[in-house]
Amino acid sequence: MFNDIDQDKLESLVDQEEMKAVEYPLVEDFYTIQGEGAHTGRPAYFIRTAGCDVNCWWCDVQESWDEEAHPPKSVGHIVQNVKDSGAEFAVITGGEPLLHDLDPLTFQLKQAGLQVHIETSGSSPLSGYLDWITLSPKRFKEPIDDIFPYVDELKVVVLTNKDFEWAEKNAEKCPDDTQLLLQPEWEKEGAVELIIDYVKENPEWGISLQTHKFMGVR
């Protein structure tokens, strides 16, 4: 776990009421089913922050890029929504969530008894109290090296054969027990076939599919 909560750290944190008042630009938050990656099929509460410094042309949530277009919501408001949903774990995503200091939000989520996951490109320094870190590196802006020791899941989007080289480059930097997944870009014809052939020859890799799109959920 990154940034385990301990009493020394707790004593150095700001007043909890002040922490609950911290705000994040929020695109949306909702209770759904995790549709991709290692935790596919699990009910999860998604918290999508605004702002992105990577801007992949094939991104399916480009509305999340502009931080100014989304009103800020307080930590208290977000955490209450999660608690009301009955979810057992929350997924923080974006945009690029690590553009924001996630310590206040994730601390309060942990205090509420949630498992906390993050999906990130790794383009900014790691912050937050996190149980699971999914790194989805992009060639548009490479991840910073500091994130690699903490990566639980490496999920690389594949459009062409060049993406396999990119995937292997990043896998070399991850811990030995990192789960390695390749995910076809949803609208790229032939990407699935490319991945199937690659994984058959390189069985240390698995396949991630965007099953939420098959299921018709967010």
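For the numbers below, each heavy atom of this structure counts, side chains included, while hydrogens, waters and symmetry mates do not.
With T106 contributing its side chain and L130 its backbone, the two residues share no donor-acceptor pair below 3.5 Å. The main-chain N or O of F46 is never found under 3.5 Å from a side-chain atom of D29 such that the two would form a donor-acceptor pair. A donor-acceptor contact shorter than 3.5 Å links the side chain of D163 to the backbone of T160. In this structure, K73 contributes its side chain and P71 its backbone to no donor-acceptor pair below 3.5 Å. Not a single donor-acceptor pair under 3.5 Å links the side chain of T134 to the backbone N or O of E119. Counting only distance, with no hydrogens or angles, the side chain of S136 and the backbone of K155 share a donor-acceptor pair below 3.5 Å. The backbone N or O of E204 lies less than 3.5 Å from no partner atom in the side chain of N202, so there is not a single donor-acceptor pair. Judged by distance alone, the side chain of Y24 and the main-chain N or O of R48 form no donor-acceptor pair under 3.5 Å.
No continuous path of hydrophobic side-chain contacts links L99 to V27 [ILVMFWY only; heavy atoms under 4.5 Å]. In terms of hydrophobic clustering, with Ile, Leu, Val, Met, Phe, Trp and Tyr side chains grouped at heavy-atom distances under 4.5 Å, L126 and I92 are assigned to a common cluster.
Judged purely by distance below 3.5 Å, without hydrogens or angles, the side chains of W205 and E168 pair a donor atom with an acceptor atom. Side-chain contact annotation: W132 with Q115, donor-acceptor N/O pair under 3.5 Å absent.
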* Can you list the steps and then say if V156 with W166 is a side-chain contact (heavy atoms from CB on, under 4.5 Å)? -> CA-CA 8 Å; V156 180; W166 173 243; 3.9 Å; yes
* Apply the test side-chain contact (heavy atoms from CB on, under 4.5 Å) to residues F148 and N170: give CA-CA distance (whole Å), side-chain angles for both, the deciding distance (0.1 Å), then the verdict. => CA-CA 8 Å; F148 284 101; N170 284 275; 3.3 Å; yes
* To do: Could you go through the side-chain contact (heavy atoms from CB on, under 4.5 Å) check for L102 and V116 one step at a time?
  => CA-CA 11 Å; L102 297 179; V116 184; over 6 Å; no
* Can E142 and K169 be said to form a salt bridge (Lys or Arg N to Asp or Glu O under 4.0 Å), step by step? -> CA-CA 11 Å; E142 296 193 14; K169 175 183 176 180; 3.3 Å; yes
* Begin with the C-alpha distance, continue with both residues' side-chain angles, and end with the deciding distance and a verdict on salt bridge (Lys or Arg N to Asp or Glu O under 4.0 Å) for E17 and K20. => CA-CA 5 Å; E17 290 306 312; K20 292 177 182 178; 3.7 Å; yes
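Side-chain contact between T120 and I147 is present, with heavy atoms from C-beta onward closer than 4.5 Å. With contacts defined as side-chain heavy-atom distances shorter than 4.5 Å, the pair I144/P125 qualifies. Contact of the I47 side chain with the V82 side chain is registered, since non-hydrogen atoms from C-beta on lie closer than 4.5 Å. Side-chain contact between H117 and Q34: absent, with no pair of heavy atoms (C-beta onward) separated by less than 4.5 Å. Between P25 and H100, some side-chain heavy-atom pair lies under the 4.5 Å cut-off. Proximity of L182 to F164: side-chain heavy atoms (C-beta onward) are separated by under 4.5 Å at one or more points. Inter-residue side-chain proximity for K110 and D131 is flagged as met; some heavy-atom pair is nearer than 4.5 Å. Using a 4.5 Å cut-off on side-chain heavy atoms (C-beta onward), L105 and V22 make no contact.
In plain terms, the two heavy atoms of P184 and A191 that are nearest each other are CB-CB, 3.8 Å.
Annotation for K173: atom NZ counts as buried by contact number, over 12 foreign heavy atoms lying within 6.0 Å.
Going from atom CD of Q62 over to atom OG of S64 covers 8.5 Å, rounded to the nearest 0.5 Å. Atom CG of L135 sits about 10.0 Å away from atom OG of S123, to the nearest 0.5 Å.
Between Y31 and Y45, the two ring planes are parallel [angle under 30°; tilted spans 30° to 60°].
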